[in-house]
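Right, one structure below, let's go through it.
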Amino acid sequence: MVPASGGVVLVVDLDAHGPRMPVSSVGGGHQVGVLGVPGEVGGDVRALRDDLQAFLAGIVEASADELGGEALALERRTDTGVGEHPAAVTVAVVQLAHVVAVDDQVVPARGAVPFVRDRDVHGPTMPAACGVETWNEAAAGWLGPSPARRRRRRRPRPDSSRERGPVRWPAMAKAPVLTPQADDFPRWYQDVLAKAELADNGPVRGTMVIRPYGYGLWERMVAEVDARIKDAGAENAYFPLFIPESYLTREAEHVEGFSPELAVVTHAGGKELDEPVVVRPTSETVIGEFMAKWVNSHRDLPLLLNQWANVVRWELRTRIFLRTSEFLWQEGHTAHATEADASAYALRILEDVYRDFMVDVLAMPVLIGRKTKQERFAGATNTLACEAMMGDGKALQMGTSHELGQNFAKVFDINYQSAEGQQETCWTTSWGVSTRMMGGLIMCHGDDKGLVVPPRLASNQVVVLVIKDEDGVGAAAEALVDEIRAEGIRVKLDDRTDTSFGRRATNWELKGVPVRVEVGPRDLVNGEVTIVRRDTGDKRQVGIAGLASDLPGILDGIQADLLAAATARRDARTVTVTTIDEAREAAQTGFARIPWAALGEEGEALLARDAITVRCIQSADGEVPASEDEPGTIAVVARAY
RNA sequence: CUGGCCGUGGCGCAGUUUGGUAGCGCACCGCGUUUGGGACGCGGGGGCCGUGAGUUCAAAUCUCACCGGCCAGACCA
């Protein structure tokens, strides 16, 4: 984008909102001028665009003629802001090789370009140079007369100004609501968080505010996961936010793993505390302390506890939902009489609670497997995990289940008397899923139109949209909503007809509601409504009678299709390799499967230099290996969040 | 913590090089016309210019320090 030496870059900003940072956009210092155009879509912007296209084409021709065919690069970029923009920001950057002549006017260097009246090279300031009149006046000398345009401007606009000729630049044809994923995935993620009203940054660094729509999705996750945890026999309890610092220090590996990210309270009640208390980063220690009290006999085992709570880990780099200083989660803690029992329970949680929820409800085809020693939880003897692939091919750990061996039981004295009358030490587990799953949901199914929520998760599965309240549309929509609700579907009525249809339709798309039903007077006279699938965009007219009873099947279809699409994408981006170099290469775009025997801890360390980690180790059949040294296992490696 | 970019109404950004009246688009409010894919006209409201010192007659603009955000790392759910 930055021109060769001696070059000149012309930046033309066709945004309907005026120039926006073209200087930095092109790297600075080389631009000769900026045309900013205020106005509205369908108005002068379109006319200007036509002229500017001709103008740019003119430059191309002119430079070819004048410079003996020397090449000239014409680039087009689309950029978007986050505001509620009706049009994309389109910046055309023309890189002029040396000198350009247009309409007999030679433009040799910066500063000499006549079409911007501003003194500076940073682009016109809004009031001074952005006005259309200024543009006309200034551009006349450069562009030459543009009779067509002037004619258009003077004449009263025809009734439909938006039907002006075809737009030749696709980038201007349709304004993206969000930064496209392909342009900048992290930016897209931020845009979705804001525009789907999911979450905001909190005032303290690394914290987040979960907005009602986002929290509604989390509540649905909680409900589904909680039901499965209870099915697995665990009961909910609640332990304190504050933990004595001394608890943490009892388990050596645990304290080493968590110390750097602890938030510690040293003062309270106006004075310094005798012993500082830490804000829990996880609750193995307090819960261990109380398990020790509650477990006496083998009859007390297994003790299966869970709590829904917030925890705090002072992370160095945070990102909403994926890694925040404070997050919400569920942490299960269990104590068992035998290692085999603990081990089986940790696996049961992974498969029956986590994988089942993620695959069946979130429609995310997660991989399950063991973590390497390197990736293991601090204090665990074995860590199992669910790993999902995001839309950009990177991995996200969605949930973990740990076997803690007797590490915690020993230091917290979780002992029991066996049937034989012996004192025995318990075997414990811990397992959790967090608000991070929200990030996984967004990045797994989301597209350039926003979030896509699988029907089984959706807090609103169907939205019924009143296009305009005429000819009984409102009443028909209300009746339809009642009918749909009677089918047990979570349905929302949108009758805010003081907001235009298009805006509301776009908003529900951003929020990812699986099915939109549009009720308008035109369809209604035929007894029909329009239904639109969020995932495919498929839109059709259907009879209003019988729609409600068809919806459960439609929602099931969407659920299945989302899982199939995510699975297909994951598989397409997963490569089976045999060497470390191949794995490194494959992990640039997705997952690589490599025999653990071919990788090993040395290979793991090697890949780590390129930010590639072993996500999990699987048996050849994709299941969880029975032991650390099971032969023939496969390591799945990837870049990860 | 390291490197890069960046902090100006709710959001996105001009303005800083060369100190001198704080601006634009979107969003918001009112009225009217609209509503089948982010409507339009007219009229409005809203800003300790991230914070603190310093230089100056004068600081969004110059200097220093600090804080915060984004991206890439190290750490991790």
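Judged by distance alone with a 3.5 Å cut-off, a donor-acceptor contact links the side chain of A/Asn507 to the base of B/G38. In this model, a side-chain donor or acceptor of A/Asp523 finds a partner on the base of B/G36 within 3.5 Å. Between the side chain of A/Lys539 and the base of B/G36 there is no donor-acceptor pair of N/O atoms closer than 3.5 Å. Contact annotation: side chain of A/Arg313 to base of B/C76, donor-acceptor pair absent below 3.5 Å. Judged by atom type and distance alone, A/Arg319 does not reach the base of B/G69 through any side-chain donor-acceptor pair under 3.5 Å.
Atom CH2 in A/Trp188 sits roughly 13 Å away from atom P in B/C71 (whole-Å rounding). Rounding to whole angstrom units, CG of residue A/Asp494 and P of B/G38 are separated by 16 Å. We find that CG of A/Asp448 is positioned 16 Å from C1' of B/G38, with the value rounded to whole Å. Spacing between atom CZ of A/Arg639 and atom P of B/A72 amounts to 9 Å, rounded to whole angstrom units. Taking atom CH2 of A/Trp508 as the reference point, atom C1' of B/G38 lies 15 Å away to the nearest angstrom. B/C26 atom P lies 19 Å from atom CG of A/Asp191, rounded to whole Å. Taking atom NZ of A/Lys371 as the reference point, atom C1' of B/C75 lies 14 Å away to the nearest angstrom. Here B/A27 presents its C1' atom at 18 Å from CZ of A/Arg504, a figure rounded to the nearest Å.
Of the nucleotides present, B/C40 is the one that pairs with B/G32 by Watson-Crick or G-U wobble criteria, both distances under 3.5 Å. Pair check for B/G10 finds B/C26; Watson-Crick or G-U wobble, both atom distances under 3.5 Å. With both pairing distances under 3.5 Å, B/C49 is matched to nothing as a Watson-Crick or G-U wobble pair. The partner of B/U2, taking Watson-Crick or G-U wobble pairs whose two distances both stay under 3.5 Å, is B/A72. Pairing of B/U55, defined by two Watson-Crick or G-U wobble distances under 3.5 Å, is not identified with any nucleotide.
Residue A/Pro260 is classed as having no contact, given no heavy-atom separation below 4.0 Å to the nucleic acid. Counting any heavy atom pair closer than 4.0 Å across all strands shown, A/Thr613 reaches no nucleic acid atom. Within the 4.0 angstrom heavy-atom criterion, only backbone atoms of the sugar-phosphate kind lie near A/Gly206; the bases stay farther away. Here A/Ala640 lies out of heavy-atom contact (under 4.0 Å) with every strand. Within the 4.0 angstrom heavy-atom criterion, no nucleotide atom of any strand lies near A/Gly432. Counting non-hydrogen atoms under 4.0 angstrom, A/Leu396 reaches nothing in the nucleic acid. Within 4.0 Å (heavy atoms only), A/Arg376 reaches no atom of the nucleic acid at all. The residue A/Thr499 sits close to a base: some heavy atom pair falls under 4.0 Å. Here A/Glu315 lies in heavy-atom contact (under 4.0 Å) with a base.
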| task | Any chance you could lay out the salt bridge (Lys or Arg N to Asp or Glu O under 4.0 Å) test for A/Glu518 and A/Arg516, step after step, and finish with the verdict? | result | CA-CA 6 Å; A/Glu518 302 171 355; A/Arg516 194 168 68 242; 3.1 Å; yes
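Closest contact between the side chain of A/Arg187 and the listed nucleotides B/G37, B/C75, B/G12 involves B/G12. Out of B/G36, B/C71, B/G12, the shortest distance to the side chain of A/Ile467 is found at B/G36.
Heavy-atom distances to RNA chain B give each of A/Thr530 and A/Arg609 a nearest nucleotide, and the one nearer the 5′ end belongs to A/Thr530. Residues A/Gln541 and A/Ser325 both approach RNA chain B. Their nearest nucleotides, taken by heavy-atom distance, put A/Gln541 toward the 5′ side.
Between B/U63 and B/G19, the distance separating the two C1' atoms is 13 Å to the nearest Å. Spacing between B/A60 and B/U16 at atom C1', rounded to whole Å, works out to 7 Å. B/U56 and B/U51 have their P atoms separated by 23 Å, with the value rounded to a whole Å. Rounded to a whole angstrom, the distance from the P atom of B/U55 to that of B/G15 is 29 Å. Nucleotides B/G50 and B/A59, compared at atom C1', are 16 Å apart to the nearest Å. Remark: the separation of the C1' atoms in B/A22 and B/C40 is 29 Å, to the nearest Å. Using P as the reference atom, B/U8 and B/A77 are 34 Å apart when rounded to the nearest Å. Only the C1' atoms considered, B/G12 is 16 Å distant from B/G47, to the nearest whole Å.
Residue A/Gln190 has a polar side-chain atom (N or O) positioned under 4.0 Å from OP1 or OP2 of B/C71. The phosphate of B/U35 (OP1 or OP2) has no side-chain N or O of A/Arg496 nearer than 4.0 angstrom. For B/A27, one of the phosphate oxygens OP1 or OP2 lies less than 4.0 angstrom from a side-chain nitrogen or oxygen of A/Arg503. In terms of phosphate contacts, A/Ser500 brings no side-chain nitrogen or oxygen within less than 4.0 Å of OP1 or OP2 of B/U35.
No more than 12 heavy atoms of other residues, nucleotides or ligands shown are found within 6.0 angstrom of CD on A/Glu256.
Salt bridge A/Arg534/A/Asp447: present, at least one basic N to carboxylate O contact under 4.0 Å. Taking 4.0 Å as the cut-off between side-chain N and carboxylate O, A/Glu509 and A/Lys511 do not count as a salt-bridged pair. For the pair A/Arg533 and A/Asp538, the salt-bridge criterion is not met [side-chain N within less than 4.0 Å of a carboxylate O].
Between A/Phe258 and A/Phe377, the ring center distance clears the sub-6.0 Å criterion. With ring centers used as reference points, A/Phe239 lies 6.0 Å or more from A/His333.
The ring of A/Phe501 does not lie on top of the base of B/G36; it is either too far (5.5 Å or more) or too tilted (30° or more).
Ring-plane geometry between A/Trp308 and A/Trp218 is classed as perpendicular, the angle between the planes exceeding 60 degrees on a 0 to 90 degree scale with a lower cut at 30.
A cation-pi contact, defined as under 6.0 Å to the ring centre and within 45° of the axis, is absent between A/Arg503 and A/Trp508.
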